[in-house]
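First listed ligand is number 1; within each ligand, the first listed atom is number 1. The residues of the chain are indexed from 1 along the displayed sequence.
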Amino acid sequence: MKNPVFCALDTTETEAALALGRRLGGLVGGLKLGLEFFTANGPDGVRAVAAAGLPLFLDLKFHDIPNTVAGAIRGAVRLAPAMTTLHAAGGIEMMRAALDAAGEAAAQWGVDRPAILAVTVLTSMGQAELPGIGVAGAVLDQVKRLAGLAQEAGVDGVVCSPHEVEALRAQLGPAMRLVIPGIRPAWAAANDQKRVLGPAEAIAKGADLLVIGRPITAAADPAAAARRIREELEATG
Ligand code: C5P
């Protein structure tokens with residue numbers, strides 16, 4: 001089994017991210033860089049971390065008019081990430097424009113087209129917040145509606161919470177990639193994550209990739225923590 005773990009490097013420090021990425025070589029499947037890192041360090045920072053030699057998940061959560069998202073995706077593809085993200089709430093035209101742009105840019109730069117993943121309802125939004133943005137009904141219904149729209153647009157997968165993975169696997173079938181944060185091995189602290197799943201449990205429920213941050217990055221020995229997770233997954237997979 002290919003290592004499904006992408007380690008979230010939630011830092012603004014390029015050197016720290018690169019050093020950690022180097023220590024995790026062979027122990028995780030890839031590294032996730034998000035908005036915090038990107039707004040501080042930009043494309044040069046991403047290129048620097050790419051020197052660790054691991055696949056990158058560039059989690060920039062694009063949400064704008066189709067033309068602007070297409071342009072942003074072209075820039076992201078030039079950095080040759082394995083995956084990047086956009087908000088399904090941007091609509092089907094926005095998602096289609098992003099996919100078209102990703103394909104064109106990949107051909108132009110001679111790189112693989114990154115997987116385009118859709119974010120549905122942010123897990124920081126609860127049931128109480130939905131009416132404020134004009135959404136009636138249950139969170140899971142909105143998640144399923146946006147995931148269905150993403151699938152119709154042709155995106156490669158969805159980022160979803162441990163709470164949603166089973167329902168989305170059932171709804172979307174086997175081909176859509178499900179990428180799950182909020183993963184906690186039994187021996188790690190939950191931190192601010194409220195609904196957590198163990199790595200092997202998440203895979204069993206239908207996850208393809210796991211985003212794991214602090215259980216690795218805040219461990220006394222990050223490489224040992226990553227190795228322990230890998231071994232647990234191998235033992236059950
Ligand atoms: O440290 P931890 O394992 O909680 O990090 C999880 C990573 O996944 C962070 O980068 C966080 O921003 C991201 N994430 C999340 N929940 C979501 C979407 C993304 O925790 N619903």
* Asked: Which class fits the ring pair H63 and H87: parallel under 30°, tilted 30 to 60°, perpendicular over 60°?
  -> tilted
* May I ask you to decide whether D44 forms a salt bridge with R47, counting only side-chain N to carboxylate O separations under 4.0 Å? => yes
* Asked: If you measure from the Lys or Arg side-chain nitrogens to the Asp or Glu carboxylate oxygens, is any gap between D208 and R177 under 4.0 Å?
  -> no
* Structure fact -> Nearest non-hydrogen protein atom to atom 14 (N) of ligand 1, with distance, is P181 CB, 3.6 Å
* **N or O contact, Q193 vs ligand 1, cut-off under 3.5 Å** => yes
* To do: Say whether A218 and ligand 1 are in contact under the criterion: heavy-atom distance to a ligand atom below 4.0 Å.
  => no
* Any chance CD of Q108 has more than 12 other-residue heavy atoms, nucleotides or ligands included, within less than 6.0 Å? -> yes
* Test item, D10 contacting ligand 1 (heavy atom, 4.0 angstrom) -> yes
* Identity and distance of the protein heavy atom lying nearest atom 2 (P) of ligand 1 -> R184 NH2, 3.4 Å
* Looking at R228 and D221, does any basic side-chain N land under 4.0 Å from a carboxylate oxygen? -> no
* To do: List every atom of ligand 1 that sits less than 4.0 Å from any heavy atom of A8, numbering the atoms from 1 in the order shown and giving each element.
  => 7 (C), 10 (O)
* Asked: Evaluating non-hydrogen atoms only, which member of L33, I216, T123 is closest to atom 17 (C) of ligand 1?
  -> T123
* Closest non-hydrogen protein atom to atom 12 (O) of ligand 1, residue and atom name please, with distance? -> K32 NZ, 4.3 Å
* Kindly confirm or rule out an N or O of D192 lying under 3.5 angstrom from an N or O of ligand 1. => no
* Asked: Under 4.0 Å from ligand 1, counting heavy atoms only, is it the side chain of P215, its backbone, both or neither?
  -> side chain
* To do: Kindly confirm or rule out an N or O of G213 lying under 3.5 angstrom from an N or O of ligand 1.
  => yes
* Side chains of M83 and L209 in contact at under 4.5 Å (non-hydrogen atoms) -> yes
* To do: Compute the minimum heavy-atom distance from N191 to ligand 1 and say whether it is under 4.0 Å.
  => no
* To do: Return yes when atom NE2 of H163 has more than 12 non-hydrogen atoms of other residues, nucleotides or ligands closer than 6.0 Å, and no otherwise.
  => no
* To do: Pull out every atom of ligand 1 sitting under 4.0 Å from any heavy atom of V211, numbered as shown with elements.
  => 7 (C), 8 (O)
* To do: Number the atoms of ligand 1 from 1 as they appear, then name those within less than 4.0 Å of a heavy atom of R214, with their elements.
  => 1 (O), 2 (P), 3 (O), 4 (O)
* Asked: Hey, is CD on E36 packed in by over 12 heavy atoms from elsewhere, all under 6.0 Å?
  -> yes
* Asked: Does the side chain of Q171 come within less than 4.5 Å of Q151's, by heavy atoms?
  -> no
